[in-house]
Amino acid sequence: MTIRPGFSSIIKAESQQEWESALQEIEKTGICGLKLLSTGQDPLSHEIRHISIALPNKSVYIADCQELGMDILGDLAGLLENRRIRKVLFDAKTALAFIRASVNRKLNACNIFDLMLASQICWSGYYYLTPSHSPKNPWKKSIPDHSLAALAERHLGIILDKEKSDMNADFAAANLSPCLIECIASESAVLLPLHDILAELLAKNDLQKIADLEFRAVSSLAEMEISGIYLDCDQAKRIVEEEENEICNLVWTVHDEARKKGFVTVSHDGKRLCYYLNPDRQEDVMAFLKSRGYGVTSTKAEVLRGLAAAGCAFAEAVLRYRYVSHLLAFLNNWLSHVHAKDGRIHPQYFQIPSSTGRISSKKPNAQQIPRAGDDATAIRRLFLPAVGKRFVKADFSAIELRIMAFLSGDRAMQEAFRDGVDLHRLTACKISGADMNQVTDQQRQAAKIMNFLLIYGGSAKTLQWRVLSDYGRFMSLDEAEEAKTRFFQTYEGVRVWQERQLQEMSYTVPHYFHNCIQGYFFMPLTCTRTALGRRRVWPRFGAGVRASKFQMYNTPCQGTGADLIKLVMCEVYDKISSEDARIIGSIHDEILLEVPEERAEEYARMLQEIMERIGSELLHPVPVKVEVKVRTTLAE
DNA sequence: GGAAGCCGCGCG
DNA sequence: ACCGCGCGGCTTCC
């Protein structure tokens, strides 16, 4: 037994009895801090080795799973599912994934408090300005550190020994060294004090609802990571080969094209002499285009598309090169992440790194599977459900517009949705003055762009540019201005809402923070809120740095969308997810399930019902519609 | 040789 | 003067 600040005693549970008395004590106190030590990072191939439990009386229990037998993992699962006991963790998603993998069944975890998520929620959007050494942008935004060590230091003034607590340390070693034990105990001991502070902070900022939502959503994110998704690797490799061929040819085409026109690509950067035009290098591409008399200042796709339309074969080849090389990179990235255990790919999901509240994904990014183009369809066909399973895909239809209708309370929009009117068509008809059923496809396309652009503060100029680059249709600036004016006449409520958001930009609300020196304190900050009360704040440094009006328009919409999909994920996890029906993807406004073939239609209906009900509740009185499909690949 | 900035891309 | 994300490639700086 060692005495240290932070914890009063370390108790090594060495017998079943001691472990059980620990469980009984938790039952009495109703709250505990929980920390797992595993043999590695990956829930699929590594396992939990030690369990550390902190109690309010500052004692820390440490149990060795190998010593006490794997049964205690079952007890652990039971603890997580016990609604009377609050479990305080740091990075609950990883812990849940490990526990789920080790007991090999679905967990109905509840009453979880994740310190990492709590901290991220409280600081959402906040950033510091740090000097950067770039001359162009002298200040760099950096977001607060939400690691456990950072939280302990910020709120408690306790410096945790980072080196030793690093997860990479050989926890697999049979026995923990006394020094390591102490280190683990210190880490566990900060959990409960941090809980008290962050829970209070959530309350002060009226963020409890959001926190509860996020804590509940952890289970479904863990499930998505564990489930992963299957990719037909053999077929994927064949496509990679084909595309590598095409890339080679394209590079030659591009280069020949340039040669033929007399362009000698020799870039002298001091060290290197380059004889080939490198299509990956904007400088080369730009130089060639300039030499051909195209006065371009960027090599963006939209610019190149313009040139290609005017008959520039070179621009076309560069575009094709970029498209193919992107797809190639995509496939290679996914292929490099195939897991040896199950042959599936397990993207990582992050719950709130984004300031609006959206989920993001990495390694590989499951939220940017190619969609546009024929080759993209071929790639989507590589994603397959397991044998005997089907994909159920459901996506919210026109959700951003519905959210805007809800937030702004705009009458025309709300009525249109209530009556089931196609909003793009309605906009087209209001702009052109045509009758609802006379609207041409072209008009509807332009209206679609308007709907998405103008609600986020887009200008007539960008409207003109987008119509041109997306549909190759020229629209005069006057025409675009006129359309914009009519748009805001039609949706007066949206205009008023935008004005209010603009004013909010200069108003401030008190937002609470905490640190170990000042205790609780507030700062007056710019702040937006979503339908569920999620906040994004902007710090105010002197005069210059503030939210942009675009962010003020966009954040409540995107954030409400995030609230909605997370509400859905929670309910889907509770009501649908089972051993063989799983949620395997969540792409902003879309949910992807993998379910047994014979019950696919049934699950599809359940999913649709859940999404429409929860959506319509959140956005009341705006109804929410969901399109749901049963598929044998990811392609449409 | 690695970190960081920038551009361009594509998902929503 | 359109928001959010991550990624790959190139360049520059240390």
Side-chain angles (χ1 to χ4, degrees), chain A residues 124-125 130 132-142 267 269-272 274 278-286 297-305 318-319 321-334 336-337 347-373 375-376 379-380 395-396 398-400 403-404 449-463 465-466 498 501 528 536 547-562 565 585-591 634:
Chain A
S124 175
T130 50
S132 95
H133 302 292
S134 148
K136 201 173 167 186
N137 242 357
W139 296 100
K140 201 184 66 175
K141 285 180 190 176
S142 64
S267 42
D269 51 0
K271 303 154 208 130
R272 208 159 49 90
C274 183
N278 179 352
D280 277 325
R281 211 173 162 231
Q282 303 117 268
E283 221 180 305
D284 281 11
V285 173
M286 198 117 71
T297 51
S298 144
T299 67
K300 275 210 252 290
E302 44 200 29
V303 176
L304 296 187
R305 265 201 293 276
V318 171
L319 280 173
Y321 168 84
R322 284 189 188 162
Y323 177 65
V324 177
S325 71
H326 175 254
L327 295 185
L328 190 58
F330 172 87
L331 283 179
N332 281 327
N333 187 12
W334 278 73
S336 75
H337 282 99
Q348 290 177 259
Y349 290 91
F350 301 88
Q351 216 166 314
I352 3 189
S354 100
S355 32
T356 54
R358 272 188 176 179
I359 294 170
S360 79
S361 164
K362 263 201 288 207
K363 290 186 189 174
N365 184 344
Q367 295 179 324
Q368 47 160 195
I369 299 173
R371 190 178 277 281
D375 307 38
I379 286 180
R380 288 204 160 222
D395 63 305
F396 288 113
I399 197 65
E400 282 128 314
I403 291 172
M404 182 49 81
I449 294 180
M450 280 173 219
N451 281 338
F452 286 117
L453 218 55
L454 297 180
I455 59 169
Y456 297 135
S459 65
K461 186 87 197 143
T462 55
L463 179 58
W465 189 236
R466 270 297 283 273
Q498 289 191 344
Q501 287 303 105
T528 57
R536 174 181 182 178
S548 74
K549 71 170 191 179
F550 309 111
Q551 291 173 327
M552 296 301 289
Y553 298 163
N554 182 276
T555 304
C557 280
Q558 218 183 88
T560 300
I565 199 99
S586 163
I587 310 128
H588 309 312
D589 67 346
E590 181 183 322
I591 297 275
L634 258 200

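Lettering follows sequence order; numbering is per chain, from 1. Computed from a predicted structure; not experimentally measured.
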Identify all stems in which DNA chain C takes part, counting only runs of at least 3 consecutive pairs (Watson-Crick or G-U wobble, each distance under 3.5 Å), and give each as one range with another, ordered by first number.
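Detected stem regions: B:1-12 with C:3-14.
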To the nearest Å, how far apart are [X] [atom1] and [N] [atom2]?
X       : N      : atom1 : atom2 : result
H337(A) : dC7(C) : NE2   : C1'   : 11 Å
L453(A) : dA1(C) : CG    : P     : 12 Å
F330(A) : dG9(C) : CZ    : P     : 15 Å
K363(A) : dG8(C) : NZ    : C1'   : 15 Å
Q348(A) : dC5(C) : CD    : P     : 17 Å
I403(A) : dC3(C) : CD1   : P     : 18 Å
M404(A) : dC3(C) : CE    : P     : 14 Å
D280(A) : dG8(B) : CG    : C1'   : 10 Å

Reported CG-to-CD distance for the pair D589(A) and E400(A), which is rounded to 0.5 angstrom
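CD of E400(A) is found 7.0 Å from CG of D589(A).
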Table of protein N/O atoms under 3.5 Å from nucleotides 10-12 of chain B N/O atoms:
| unit_1 | atom_1 | unit_2 | atom_2 | d |
| --- | --- | --- | --- | --- |
| dG10(B) | N2 | Q368(A) | NE2 | 3.2 |
| dG10(B) | N3 | Q368(A) | NE2 | 3.4 |
| dC11(B) | OP1 | R371(A) | N | 2.3 |
| dC11(B) | OP1 | A372(A) | N | 3.0 |
| dG12(B) | OP1 | R371(A) | NE | 2.3 |
| dG12(B) | OP1 | R371(A) | NH2 | 2.7 |
| dG12(B) | OP2 | R371(A) | NE | 3.3 |
| dG12(B) | O3' | D589(A) | OD1 | 2.7 |
| dG12(B) | O3' | D589(A) | OD2 | 3.1 |
| dG12(B) | N2 | R358(A) | NH1 | 3.2 |
| dG12(B) | N2 | Q558(A) | NE2 | 3.3 |
| dG12(B) | N3 | R358(A) | NH1 | 3.1 |

Base, sugar-phosphate, or nothing: which does [X] touch, judged by heavy atoms less than 4.0 Å apart?
X       : answer
S355(A) : sugar-phosphate
K461(A) : nothing
S361(A) : sugar-phosphate

State which residues pass ring-ring contact (aromatic ring centres under 6.0 Å, His included) with [X]; sequence neighbours excluded, sorted by chain then number.
X       : answer
Y321(A) : none
W465(A) : none
F452(A) : H424(A)

side-chain contact (heavy atoms from CB on, under 4.5 Å) partner of R322(A), the single match among D280(A), L327(A), L304(A)
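One option only clears the test, and that one is L304(A).
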T299(A) side chain N/O closer than 4.0 Å to the phosphate oxygens (OP1, OP2) of dC7(B)?
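Result: no.
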Would you indicate, yes or no, if dA1(C) has its OP1 or OP2 atom less than 4.0 angstrom from a side-chain nitrogen or oxygen of S459(A)?
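Checking S459(A) against dA1(C): no side-chain N or O falls below 4.0 Å of OP1 or OP2.
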Going by heavy atoms in the side chains, are N451(A) and M404(A) under 4.5 Å from each other?
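Sidechains of M404(A) and N451(A): no contact.
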Test side-chain contact (heavy atoms from CB on, under 4.5 Å) applied to K300(A) - qualifying residues, sequence neighbours left out
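Partners of K300(A) by the side-chain contact (heavy atoms from CB on, under 4.5 Å) criterion, ordered by chain and then number, come out as S298(A), E302(A), V303(A).
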Are the side chain of S355(A) and the backbone of S124(A) linked by a donor-acceptor contact shorter than 3.5 Å?
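Not at all, since once roles are kept as given, no pair shorter than 3.5 Å links the two residues.
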Judged by atom type as modelled, is there a donor-acceptor pair below 3.5 Å linking the side chain of Q551(A) to the main-chain atoms of S548(A)?
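It does hold such a pair.
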Among dG4(C), dC7(C), dG8(B), which nucleotide has an atom closest to any side-chain atom of K300(A)?
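So the side chain of K300(A) is nearest to dG8(B).
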